[in-house]
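For reference, the structure is listed below as structure tokens.
FYI, the numbering just counts along the sequence from 1.
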Amino acid sequence: MTAQGQRAKTALVTGASRGIGRAIALELGRAGLEVVGTATADDGARAITGFLEGEGVRGHGAVLRAEQADSVAALLGSLAEQDKMPDVLVNNAGITRDSLLLRMSDEDWQAVINTDLTSVFRLSKACVRAMMKKKWGRIISITSLTGAAGNPGQANYAAAKAGITGFSKSLAKELGTRNITVNCVAPGFIDTDMVRALPEKYRDEIVRTIPAARFGEAREVAELVRFLASGAAAYITGETVHINGGLYMA
Ligand code: NAP
């Protein structure tokens with residue numbers, strides 16, 4: 001409960017064990033939301049509970065394999081039982097399986113589409129009914145500069161992220177009258193495990209092309225998500241907000 005006796009809003013942040021998702025979970029928690037953050041395994045979920053507690057944030061970690069329908073259903077079922085259906089859904093979990101098209105396997109295509117795109121459909125669908133009942137909701141999906149600009153070696157990832165954009169615009173139109181906004185945040189290169197995994201030479205080349213001359217910080221993306229999740233952003237829906245240090249200007 002808040003100091004005014006209202007129930008604190010609940011945020012579900014997928015992929016909250018590391019990187020951008022972890023920063024979003026902490027940022028929303030510091031803004032007063034109760035946070036459920038997910039990881040793919042029990043130890044990751046326990047670590048999330050630990051760092052939320054460490055920062056004085058109310059919430060806990062939970063296990064989610066975003067590409068598996070039964071895992072999505074189990075998580076949302078458990079949140080419904082605890083009366084913690086999300087007011088704010090942050091679709092952050094994502095993977096890459098990069099290779100040039102001629103070498104891209106069906107498995108690499110399908111893994112990225114299932115984890116990065118189909119999960120957004122399933123999680124949003126699972127959360128929307130409760131948001132409609134409460135007449136309030138925020139769905140924020142983390143897409144990517146790649147989904148807007150394309151990138152060689154990432155046809156699967158670009159297709160998934162661009163797919164989320166079209167999905168979000170459609171859902172924003174469906175839910176426009178319901179006080180539920182649906183938006184995307186499209187980061188450029190942010191200093192997380194995903195970017196640290198790139199070869200150093202390539203990372204140096206990228207930094208030279210960014211007008212801000214540095215990678216972004218996960219915290220900077222999290223602050224943008226906090227704004228979109230707030231009451232102040234009620235009139236922004238169906239939008240993609242780019243955050244990339246000027247690398248791509250939509
Ligand atoms: P990251 O450091 O690689 O962390 C990925 C997160 O997703 C982890 O919490 C991971 O959980 C979780 N995850 C991985 N596979 C999953 C699955 N199958 N089901 C559920 N969760 C899964 O990633 P990041 O760099 O923070 O990126 C977060 C989001 O931002 C992604 O959607 C990514 O595409 C997007 N993005 C990132 C950048 C960037 O520069 N970093 C740029 C543009 C867009 P475990 O710890 O349990 O594996």
>> Keeping S141 on the side-chain end and C184 on the backbone end, is there a donor-acceptor pair under 3.5 Å?
In response: no

>> Tell me whether K134 is salt-bridged to D87, with the criterion being a basic N under 4.0 Å from an acidic carboxylate O.
In response: yes

>> Please check this pair: side chain of N244 against backbone of Y248, looking for a donor-acceptor N/O pair closer than 3.5 Å.
In response: yes

>> If we ignore hydrogens and angles and just use 3.5 Å, is the side chain of N183 paired with the main-chain N or O of I140 as donor and acceptor?
In response: no

> Does S71 use its side chain to pair, donor to acceptor, with the backbone of R65 at less than 3.5 Å?
Replying inline: yes

Quiz: residues 218-233 side-chain donor-acceptor pairs under 3.5 angstrom, not counting sequence neighbours:
residue : atom : partner : partner atom : Å
R219    : NH1  : E223    : OE2          : 3.3
R219    : NH2  : E217    : OE1          : 2.9
E220    : OE1  : R214    : NH1          : 3.1
E220    : OE1  : E217    : N            : 2.8
E220    : OE2  : R214    : NH2          : 2.8
R226    : NH1  : E27     : OE2          : 2.6
S230    : OG   : F227    : O            : 2.6
S230    : OG   : A232    : N            : 3.2

> Going by heavy atoms in the side chains, are V63 and T38 under 4.5 Å from each other?
Replying inline: no

> Are the side chains of M85 and L76 in touch, meaning some heavy atoms are under 4.5 Å apart?
Replying inline: yes

> Hey, mind stepping through S170 and E174 against side-chain hydrogen bond (donor to acceptor under 3.5 Å, both in side chains) and telling me if it holds?
Replying inline: CA-CA 6 Å; S170 302; E174 288 183 25; over 6 Å; no

> Thinking salt bridges, do R46 and D43 make one under a 4.0 Å N-O criterion?
Replying inline: no

> Quick one: do K84 and E34 make a salt bridge, cutoff under 4.0 Å?
Replying inline: yes

> With under 30° as parallel and over 60° as perpendicular, where do the rings of F167 and F121 fit, or are they tilted in between?
Replying inline: perpendicular

>> Against the six-membered ring of F51, is R22 placed for a cation-pi contact (under 6.0 Å from the centre, within 45° of the normal)?
In response: yes

Atom pairs and distances, side-chain donor-acceptor, residues 146-155, under 3.5 Å, sequence neighbours left out:
residue : atom : partner : partner atom : Å
T146    : OG1  : Q154    : OE1          : 3.1
N151    : ND2  : Q154    : OE1          : 3.0
Q154    : NE2  : D98     : OD1          : 3.2
Q154    : NE2  : D98     : OD2          : 3.3

